[in-house]
2 protein chains.
Amino acid sequence: MTTTALKARKEFGKTLASDIAHRLRNEIVTCQLKPNESLKFDALRLSFGASFTTLREALTLLVSEGLVVAEEQRGYKVAPVTLEDLHDLTHARILIEVDLMRRSIEKGDDDWEIRVISSLHRLARIEERAPEDYASNTEWKAAHRQFHEALVSASGSPTLLAVRNSLFDRAERYRNLSAMFRPHPRDKAGEHRALMQAAIGRNADQACALIASHIQTTSNNVAKYASGVISAG
Amino acid sequence: MTTTALKARKEFGKTLASDIAHRLRNEIVTCQLKPNESLKFDALRLSFGASFTTLREALTLLVSEGLVVAEEQRGYKVAPVTLEDLHDLTHARILIEVDLMRRSIEKGDDDWEIRVISSLHRLARIEERAPEDYASNTEWKAAHRQFHEALVSASGSPTLLAVRNSLFDRAERYRNLSAMFRPHPRDKAGEHRALMQAAIGRNADQACALIASHIQTTSNNVAKYASGVISAG
DNA sequence: ATGAGACATATTTTCGAAAATACTTAAAAT
DNA sequence: ATTTTAAGTATTTTCGAAAATATGTCTCAT
């Protein structure tokens, strides 16, 4: 089907609504849509080429993920970015990620080990190719996400995994914000390798300590470098 | 505004969609809408008196809460009920509730203590009035929910609290299922009082152990009494 | 000058029909 | 007899207009 340029086209999900949600999520996370920016239907309709109804469904979904807030009868806006929210988010992420990590290490099979190793390998390759400023690289971000996802992928806990993924998205927005103001990128390569080795070596305690500290450190850096653009709680 | 009987009317939320979501959630949790039952738009439109679009928004919301599953292009159905899901849910609930409980005890102020004590008092009164079979009592369920909500209400963690509430709803469906097949109701009154005393006494370790065991025991009972109606994982 | 009330405007929320997609039944060919 | 194809039916998904609600502006009385 050869649709016109104006008409919306599905790329990712199967339904248009889920596709719009995906694109909106990306624009919010990368801060193309700024925190607190109000999401007017007319404007969105223009840039996404979908109808009121379809946009509404996508927005409803993003509200439940915490990336959009709805003031009933007064429309939607991009969720604010605050120090309070960052702390809340960081705490929740550490609690859940540590639990998933421990159980993934307990239950992980050969396939899990392969997923962890290969995703780290890909990440390292991208870092080699673009040693400078890889944190703003879209390819690196996808690989980074996949590595962390691989680590917890054997936990066998769909509920917590779904929550984890949602929180990861919310955190990515803060990471991007931090990257915009950080003088030079932090070197996470060492941390990632240590994480992989502890996981594959089935050293659960160490892996959990590492992931907790990894998340906490990232959060601290965000607070440090992006505090200027984060509105007060 | 005096609308006709056929027309949908707002009762709870401000928008019709959130109201429909609320009513649908209730029907699913109480098993008036049975697990795996497919949710056809025409039928729903008839019983709720809302349009396709509004129902769709409500369903999208419930999908993100795990009470409804969407098979894209093939419609929505009530989320299945399985032993696997129950275990997954129980694990997640214990992890999160214990964390919230500990921090609530740390941070709780006078108002928090009052909320805990008064909500337990109300719960006890309802149990006195209707000693038999109170678990199927709507009033008791609301009070029960409020007591548990009060316990963790001082944690100061909006993210985890939102997840907790969603998981509580999912668990309520299993509790109701269990109550339908249980020979005689379990006496939770003692557990609830002990929980209150540990919390108010700022005995965090004991309160956490109690809440974990409370959730786990309930889950075990569900598995015991409702296993007949729970489809295999 | 200031505040209240009413009109006008902007925006969201809801609706039911039209388009798109999947499922079912039946007929035909191998 | 079994599989394939095709047409028809059922259901979901998308659309843009109409209704409902909030916001902003202007007038008028105090």
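Within every chain, numbering begins at 1; the chains are lettered A, B, ... in the order of the sequence lines, protein sequences first and strands thereafter.
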Between C1' of dC15(D) and CG of Leu46(A), the distance in whole Å: 16 Å
Sugar-phosphate, base or nothing in reach of Leu55(A), heavy atoms under 4.0 Å: nothing
Residue-phosphate contact under 4.0 Å: Arg74(A) side-chain N/O, dT11(C) OP1/OP2: no
Donor + acceptor pair across side chains of Asp88(B), Ser157(A) (<3.5 Å): yes
His144(A) and His148(A) side chains, donor-acceptor separation under 3.5 Å: yes
Interatomic distance, Asp42(A) CG vs dG16(D) P [rounded to whole Å]: 12 Å
Nucleotide of dT13(C), dT13(D), dC15(D) approaching Arg56(A) most closely (side-chain heavy atoms): dT13(C)
Nearest-neighbour nucleotide for the Ser51(A) side chain, dT11(D), dT21(D), dG16(D) considered: dG16(D)
Between Asn176(B) and Thr30(B): side-chain donor-acceptor atoms closer than 3.5 Å: no
Between dT13(D) (C1') and Tyr76(B) (OH): distance, integer Å: 9 Å
Arg164(B) with Glu97(B): basic N within carboxylate O range, under 4.0 Å: yes
Arg45(A), nearest nucleotide to its side chain (from dT21(D), dG16(D), dC15(C)): dG16(D)
Sugar-phosphate, base or nothing in reach of Thr54(A), heavy atoms under 4.0 Å: sugar-phosphate
Sugar-phosphate only, base, or nothing, as touched by Leu39(B) at under 4.0 Å among non-hydrogen atoms: sugar-phosphate
